Amino acid sequence: MCGIFGITGTRDASRLAYVGLFTLQHRGQESAGIVTDDGSRLLQHTGMGLVNEVFNNEALQRLEGTSAIGHIRYSTAGSSHITNAQPLVLNSSLGLVAVAHNGNLTNADEVKARLQKAGAIFQSSSDSEVILHLAARYRGRTLEETLAKNLTKLTGAYSFLFMAPGKVIGARDPYGYRPLVLGRLGRSYILASETCAIEVAGGEVVREIEPGEMVAISGGKLKSLRFAKPKKFTRCIFEQVYFARPDSVVAGRTVHKVRYEIGAMLARELRGIKADIVSGVPDSGTVYALGFSKESGIPYQGVFMRNHYTGRSFIQPDQRLREFTAHLKLSPIRDVIKGKTILIIDDSIVRGTTSRKIVSNLKKAGAGKVIMASASPPIISPCYFGIDIPTKRELIASRLSVERVRRYIGADGLHYLTLPSLIDVCGNRSDRDFCVSCFSGKYNAGEAPRAGAGAGRMGL
Ligand code: AMP
């Protein structure tokens, strides 16, 4: 998780980057940063917090130049520090180069150790810096050639934006785990994590960057090259389930529509289920519940009021804070709930903490029965590719049967969507391949970290 946004060839570069990052805020709330190119220098501004906390008018004015790349960061506990805020800028034998990264490199520790042995000095503890040091050491004739040569040394997930004076480069890993989309705004090019950012910035979506593709934009011209053969396209299915904004298009389909259809699919899988009302855990669960309601005929009702000013609770890196903000966030609407059998849908159950709290809140507010449904299958395996799905031990479905999870969360019933149904709804005819390793426990060969090499919690 993390969001990236880049724009070239406009006098409003820093302001449009701000708009893009603001639109991608749901992808991370820990830090934000923009680097601009004024023709000879790279100007940087980064800070901890939300986009509108990190930047003000003055900061944006100081970021002169006609190109910009920006980043917003989500991070897990331990690495929450300004030195890890991106874009990072490195001044090396390669000249000035900035990088913004969405994803997670699974061999970063090994590569870093080798580079450090050879004398490289790292500024941050983030895995993203590795590519700049590799590039400074193993050079080609152009920056594109240099990057192409070195990207193939990385495993795991990456969508990268690079910037050097006069040039912006985007690259997506050969599996296409994390998203990267190309857009146009007049004569400018945009590269962004999601289509919603391109559209809010006033641009038009052109296409996705292909797995293993690099695009270099310089002097108003875009060049595309393949730095690696694309592997089996395994984009992350969790983008559709939870992460992407509903107005974005992922794999050719609007996320909102996909979620609505998943809700309907869940209703078909649970045909005959009895409930007075169906509802969703706001905000992400709501669309699923609407789709469920349409298909099943069970009326939809909102049962929680969501306070929108608290941020996403899960996004707080620390467990204690996460629990506290969850209390602030949702308050039950008693009159709707009282005496009813409620079917409540969330996008996913990770640790089970949220579902347990939701069920208990509904019961305290007078619900007769509470049936919980997850719009995705049980999460049984960690994510090594940039979604903060923690260690196996913390994943409740990896330890407990469905019946025991039901008892733990205190629900009267518990149902999960099946994996074939999820894949079926998320894909379109030409594009059915996804990374579903968090649901299946199966990883692309050589892509999960080797035992002891940093497996477990990660996430950018
Ligand atoms: P948990 O309480 O650990 O079971 O988390 C489940 C809740 O967190 C659900 O309400 C989801 O909307 C949300 N969620 C699930 N996966 C993630 C993730 N990787 N990052 C942030 N939030 C998530």
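Since we're looking at a predicted model, the values are computed, not measured. Each ligand, and each atom within it, is numbered from 1 in the order the structure gives.
The cationic group of Lys294 does not satisfy the cation-pi geometry with Tyr260, failing either the under 6.0 Å distance to the six-membered ring centre or the 45° limit from the ring axis. In this structure, Arg356 satisfies the cation-pi test against Tyr408, with its NZ or CZ atom closer than 6.0 Å to the six-membered ring centre and inside 45 degrees of the ring normal.
Of the possible donor and acceptor atoms, none in the side chain of Asp347 sits under 3.5 Å from a partner among the backbone N and O of Tyr242. A donor-acceptor pair under 3.5 Å is absent between the side-chain atoms of Arg259 and the main chain of Val287, judged by distance alone.
Less than 4.0 angstrom separates some heavy atom of Gly352 from each of these atoms of ligand 1: 1 (P), 3 (O), 4 (O). In the vicinity of Arg351, heavy-atom distances shorter than 4.0 Å reach the ligand 1 atoms 1 (P), 3 (O), 4 (O). Atom numbering of ligand 1 starts at 1 in the shown order; those under 4.0 Å from a heavy atom of Ile349 are 4 (O).
Only side-chain heavy atoms of Asp346 come within less than 4.0 Å of ligand 1; its backbone N, CA, C and O stay farther off. When heavy-atom distances to ligand 1 are checked against a 4.0 Å cut-off, Ser284 comes that close only through its side chain, counted from C-beta outward. With a 4.0 Å heavy-atom cut-off, ligand 1 is reached by the side chain of Asp347 but not by its N, CA, C or O.
Using a 4.0 Å cut-off between a side-chain N of Lys or Arg and a carboxylate O of Asp or Glu, Arg114 and Glu110 do not qualify as a salt bridge. Contact check on Glu213 versus Arg207 returns a salt bridge, with a Lys/Arg side-chain nitrogen under 4.0 Å from an Asp/Glu carboxylate oxygen.
Comparing Val241, Ile358, Thr354, Asp388 against atom 2 (O) of ligand 1, the shortest heavy-atom distance belongs to Thr354.
For OH of Tyr416, the number of neighbouring non-hydrogen atoms (other residues, nucleotides, ligands) closer than 6.0 Å is greater than 12. Residue Glu269 qualifies as enclosed at atom CD: its count of foreign heavy atoms under 6.0 Å is above 12.
No N or O atom of Ile387 sits closer than 3.5 Å to an N or O atom of ligand 1. Note: an N/O pair closer than 3.5 Å links Tyr242 and ligand 1 by distance alone. The shortest N or O to N or O distance between Val350 and ligand 1 is under 3.5 Å.
At a 4.0 Å cut-off, at least one heavy atom of Phe238 sits close enough to ligand 1 to count as contact. Not a single heavy atom of Val281 sits closer than 4.0 Å to an atom of ligand 1.
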